[in-house]
K.L.:
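This is the structure I have questions about; it appears just below.
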Amino acid sequence: MIRELINFVNDLEQDYPEVFDLNKTPSPGLHLWIELDDEGNWKNNSPIEGEDYVIYDGKEIPSSLFNDATNYWEQGRTIGGATNTNKCVSDKKIHSCSPFIFAFKNENFGHINNKIIKTYFKIAQAEYLEDTDVEYIETSEKFANTISLVFDWLISTKIEVKKRDKLQLISILKVLKTKDYINLYIRNIDLNYYKIVHEKYLNTKLFNNNDYCIPKNVPIDKSKGLSNFINGANKKKMFMEHKTGLMIDGINTRISMDDAKALNKFEILSYQKAFPTPLPVIIDKQEFKFDEGEKITSTEIVKLFDAEGSKRTLPQILKSLFDTNPQRVLANYYLLYINGSIVYDFDFVSKFEYLIKVCNIQNLFAIKNKEKELLPTQRIHTIFGFENKIVKEIFNNSLVRIKDGIISYNYFNEINPKFIKNGGEEMASLILRYRKAFYDFIYKSRKQAITTLMFDKLMLFSILLDVKQDEGYNRDIQIKKKLNIWFSLNQFFINHNSINMATQFNELMKKMDLIANNDNIQLDQSLPEFLFATGQVIYYLLYHNKADKPSHAMLEPFLQKATVEHLQNAITNTVNVYKHEISFGKGRFERLCAQVLAYSSDENIKNSQRYLLAGYFAPAVIFYKNEK
């Protein structure tokens with residue numbers, strides 16, 4: 001993983017250097033430039049807002065100072081920003097790393113004394129300035145001596161803030177949030193020298209721990225050391241150390257300083273949200289010359305991520321690339337799913353398949369639109385169409401979520417059942433069980449990730465959950481959509497059985513109609529036929545229920561039966577309940593019900609519940625008109 005990311009950043013820097021300027025923002029808080037006169041006195045005391053200082057709330061900042069605040073802050077932050085205080089110059093309360101910058105969090109304002117200030121500047125000057133830099137050292141010392149005056153200014157200064165539609169004078173320290181930074185810069189030093197100094201800091205701090213560097217007799221930036229990228233080596237936790245592989249001084253892999261800088265750039269770009277998630281990381285673009293076809297590169301993907309000022313998802317990016325040229329190839333890459341310092345997934349993908357075959361969702365269960373017209377067959381041609389139309393439906397708009405035209409995904413984030421509108425904790429459990437398989441199937445083209453058996457269990461559980469929680473038939477369309485998906489796609493996944501369920505459904509519908517219309521037609525000794533007919537009968541019986549809030553949930557007791565006999569007993573009892581509502585003598589119900597009650601089998605019907613559900617939710621043949 002380390003080597004792939006290093007190659008990725010190096011290629012990106014060569015092909016798309018502008019990416020390092022994207023989304024750069026300073027830290028929220030105060031940014032104040034101190035200007036000294038020749039005697040070292042604070043020249044711009046008191047500073048003027050908009051000229052000498054600015055407060056950035058994380059949202060808006062005066063454009064004239066935005067670049068200054070960004071550039072100066074960038075040259076003073078420690079490795080990993082405030083998240084890695086092990087890389088602080090001296091005291092962990094001070095989060096700057098330059099003899100020309102002094103930065104700390106507002107919450108630490110009362111805990112920073114003269115001793116801490118002097119120690120910080122003494123170490124920073126010794127570490128990052130040469131003895132010959134006499135002028136810079138003197139300026140830095142004068143800057144350090146000014147800090148106490150700046151503190152007095154911070155305590156005494158009040159600024160106008162609009163609150164409740166009124167301007168009020170509030171202390172500048174109270175305007176800042178506790179986690180906001182107070183960043184002090186010295187204006188007498190050119191920004192280019194800030195960069196030189198910061199480079200020296202990076203050259204000594206980018207390794208996880210300099211104790212592991214080899215060889216020992218060379219400067220740190222000329223040696224090889226332990227990578228700091230998502231690596232928390234801790235000598236006190238011996239059980240976390242690697243115990244296998246070829247080791248030198250307890251470490252099995254070391255990287256150069258150039259590689260450490262590349263990884264640091266990757267971390268910065270991730271922090272600036274310059275990449276889509278997940279991110280395809282091409283192993284090495286040099287390999288392209290050995291392959292045929294026009295390849296999609298990581299740089300292309302990163303360029304398109306923020307091309308129009310609004311961030312696009314990886315599916316949107318790949319759709320634009322493949323729609324332009326369906327013959328293009330995305331192959332031999334690692335797919336990285338990272339959020340902050342947590343790597344959720346990093347896996348090799350030999351080839352991504354955008355187009356899919358034979359994915360037509362037939363409207364078997366006769367769903368109609370608002371104009372009472374039957375919906376046509378839904379034809380899906382791409383893997384992201386599969387994701388947006390099918391995966392969204394299966395998991396009740398909670399794994400793939402589409403709201404107000406915006407698509408969001410929940411493949412690795414925490415799932416809070418409170419925000420799952422249909423299904424709650426049970427749907428959350430279903431998502432957790434299957435989402436990795438769908439992620440692999442869609443983004444890695446890993447067909448073996450979802451089998452027919454897995455798909456059957458998923459669809460059955462998802463539909464039963466809707467049936468159980470149905471109120472007033474509010475999930476009727478949702479259930480029928482899932483049944484359409486289930487019966488249409490049972491041969492779409494690998495390890496499929498030989499039965500085409502869509503064809504079987506149409507044959508069962510014809511058979512039910514024949515039985516209901518003709519005394520001489522009987523059920524075969526087939527469990528699917530029996531259960532489908534049973535579903536038709538149950539629907540007709542429950543149709544006569546006069547409850548205030550009729551519900552598909554009344555089907556659930558029938559679904560609990562494990563044997564044919566128990567199911568037949570439940571139907572007999574239900575006939576007795578509704579017999580006063582049923583118009584006997586028309587023949588269709590009597591014929592179908594008689595065939596159901598006469599059926600005999602010792603098979604366990606639990607494994608074939610799909611046919612009972614299908615018969616129940618399919619168009620009811622009992623309501624058809626008799627043939628003349």
Side-chain angles (χ1 to χ4, degrees), residues 276-278 311-316 318-319 335 337-340 342 344-345 356 359 361 365 367 375 378 380 382-444 446 449-451 453-489 492-493 551-553 556 610 613 617:
T277 303
K311 293 181 174 53
R312 305 162 77 181
T313 62
L314 181 63
Q316 289 173 322
L318 295 182
K319 182 177 184 304
L335 190 65
Y337 199 109
I338 185 171
N339 186 5
I342 300 176
Y344 290 95
D345 191 57
I356 56 177
C359 190
I361 310 300
F365 292 84
I367 302 174
L375 297 179
Q378 195 174 21
I380 298 171
T382 70
I383 192 65
F384 297 126
F386 171 85
E387 182 182 43
N388 296 341
K389 295 175 181 175
I390 295 176
V391 180
K392 166 188 169 292
E393 208 65 56
I394 294 173
F395 294 100
N396 293 354
N397 201 34
S398 296
L399 176 55
V400 176
R401 181 181 172 83
I402 302 179
K403 185 177 182 181
D404 300 329
I406 299 174
I407 305 176
S408 57
Y409 308 94
N410 215 355
Y411 288 110
F412 292 98
N413 300 331
E414 288 189 10
I415 294 178
N416 189 339
K418 293 180 181 177
F419 299 109
I420 298 180
K421 187 177 180 181
N422 296 325
E425 291 186 1
E426 289 174 290
M427 180 52 72
S429 174
L430 198 66
I431 293 172
L432 290 172
R433 196 184 312 164
Y434 290 104
R435 63 178 179 176
K436 182 62 166 57
F438 276 88
Y439 177 78
D440 289 348
F441 183 84
I442 294 168
Y443 289 90
K444 302 174 188 172
R446 193 162 290 169
I450 302 177
T451 64
L453 181 62
M454 182 192 299
F455 183 66
D456 284 345
K457 288 182 178 178
L458 166 63
M459 295 307 299
L460 177 63
F461 192 93
S462 181
I463 292 171
L464 292 182
L465 186 58
D466 285 333
V467 168
K468 189 171 65 173
Q469 298 186 353
D470 178 75
E471 292 180 2
Y473 301 138
N474 65 334
R475 301 198 183 182
D476 182 70
I477 299 299
Q478 187 171 309
I479 293 170
K480 289 179 178 176
K481 283 183 178 179
K482 290 181 182 177
L483 284 167
N484 279 336
I485 291 171
W486 191 2
F487 276 67
S488 299
L489 294 188
F492 181 70
F493 304 100
S551 165
H552 290 314
E556 195 185 6
R610 73 185 73 174
L613 287 165
F617 285 100

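Residue indices begin at 1 and follow the sequence shown.
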K.L.:
Look at atom NZ of Lys436 and say whether more than 12 heavy atoms of other residues, nucleotides or ligands are closer to it than 6.0 Å.
P.N.:
yes
K.L.:
Between Asn416 (side chain only) and Lys418 (backbone N and O only), is there a donor and an acceptor less than 3.5 Å apart?
P.N.:
yes
K.L.:
Might you work through the side-chain contact (heavy atoms from CB on, under 4.5 Å) test for Ile442 and Val391, ending with a clear yes or no?
P.N.:
CA-CA 10 Å; Ile442 294 168; Val391 180; 4.0 Å; yes
K.L.:
What are the two closest non-hydrogen atoms of Ala437 and Ile450, and how far apart are they?
P.N.:
O-CG1, 4.0 Å
K.L.:
Working to the nearest 0.5 Å, report the span between CD of Glu393 and CE of Met459.
P.N.:
9.0 Å
K.L.:
Mark yes when over 12 heavy atoms from residues, nucleotides or ligands other than Lys319 sit less than 6.0 Å from its NZ; otherwise mark no.
P.N.:
no
K.L.:
Parallel, tilted or perpendicular, judged at 30° and 60°: which one describes the rings of Phe487 and Phe365?
P.N.:
perpendicular
K.L.:
Within 45° of the ring axis of Phe419 and under 6.0 Å from its six-membered ring centre, is that where the NZ or CZ of Arg401 lies?
P.N.:
no
K.L.:
Roughly how far, to the nearest 0.5 Å, is the CD1 atom of Ile420 from the CZ atom of Phe395?
P.N.:
10.5 Å
K.L.:
State, yes or no, whether a side-chain contact exists between Asp345 and Pro278 at a heavy-atom distance under 4.5 Å.
P.N.:
no
K.L.:
Please answer whether the main-chain N or O of Glu471 pairs with a side-chain N or O of Asn474 as donor and acceptor at a distance below 3.5 Å.
P.N.:
yes
K.L.:
Would Leu489 and Cys359 count as a side-chain contact (heavy atoms from CB on, under 4.5 Å) if you check the C-alpha gap in whole Å, the side-chain angles of each, and the deciding distance to 0.1 Å?
P.N.:
CA-CA 7 Å; Leu489 294 188; Cys359 190; 3.9 Å; yes
K.L.:
Rounded at 0.5 Å granularity, tell me how far CD1 in Ile479 sits from CD1 in Ile367.
P.N.:
10.5 Å
K.L.:
Start with the C-alpha distance between Leu460 and Trp486, add both sets of side-chain angles, then the distance that settles side-chain contact (heavy atoms from CB on, under 4.5 Å), and finish with yes or no.
P.N.:
CA-CA 9 Å; Leu460 177 63; Trp486 191 2; 3.8 Å; yes
K.L.:
Looking at Ala553 and Lys468, what are the two nearest heavy atoms and their distance?
P.N.:
CB-O, 3.9 Å
K.L.:
Of the non-hydrogen atoms in Gly472 and Ser551, which two are nearest, and what is the gap between them?
P.N.:
N-CB, 4.1 Å
K.L.:
For side-chain contact (heavy atoms from CB on, under 4.5 Å), just list the numbers for Glu425 and Ser429, CA-CA rounded to whole Å, side-chain angles, deciding distance to a tenth of an Å, and then say yes or no.
P.N.:
CA-CA 6 Å; Glu425 291 186 1; Ser429 174; over 6 Å; no
K.L.:
Working to the nearest 0.5 angstrom, can you tell me the gap between Ile394 CD1 and Phe438 CZ?
P.N.:
4.5 Å
K.L.:
Is the backbone of Leu458 close enough, under 3.5 Å, to the side chain of Ser462 for a donor and an acceptor to pair up by distance?
P.N.:
no
K.L.:
Could you pull out the closest heavy-atom pair between Met454 and Ala449, with the gap in Å?
P.N.:
CE-O, 3.2 Å
K.L.:
So, taking the atom named CG in Leu464 and the one named CD in Glu556, what distance separates them when rounded to the nearest 0.5 Å?
P.N.:
8.0 Å
K.L.:
I'd like to know if Asp466 pairs up with Lys481 as an ion pair, taking the criterion as any Lys NZ or Arg NE/NH1/NH2 lying under 4.0 Å from an Asp or Glu carboxylate oxygen.
P.N.:
no
K.L.:
Mind checking whether Tyr439 and Tyr409 have ring centres under 6.0 Å apart?
P.N.:
no
K.L.:
Rounded to the nearest 0.5 Å, what separation is found between the CG atom of Asn339 and the OG1 atom of Thr277?
P.N.:
7.0 Å
K.L.:
Write down the atom of Asn397, the atom of Ile402, and the distance for their closest heavy-atom approach.
P.N.:
OD1-N, 2.9 Å
K.L.:
Using every non-hydrogen atom in the two residues, find where Ile380 and Gly385 come nearest and quote the distance to one decimal.
P.N.:
CG2-C, 3.6 Å
K.L.:
Any side-chain to backbone donor/acceptor pair from Arg435 onto Leu399? Under 3.5 Å, distance only.
P.N.:
no
K.L.:
Taking Asp470 for its side chain and His552 for its backbone only, find out whether a donor-acceptor pair lies under 3.5 Å.
P.N.:
yes
K.L.:
Which of parallel (below 30°), tilted (30 to 60°) and perpendicular (above 60°) describes Phe455 and Phe493?
P.N.:
tilted
K.L.:
Counting heavy atoms not belonging to Lys482, are there more than 12 under 6.0 Å from its NZ?
P.N.:
yes
K.L.:
Are Tyr443 and Tyr337 near enough that their ring centres are under 6.0 Å apart?
P.N.:
no
K.L.:
Which residue in the set Val400, Ile407, Leu318 passes side-chain contact (heavy atoms from CB on, under 4.5 Å) when paired with Phe384?
P.N.:
Leu318
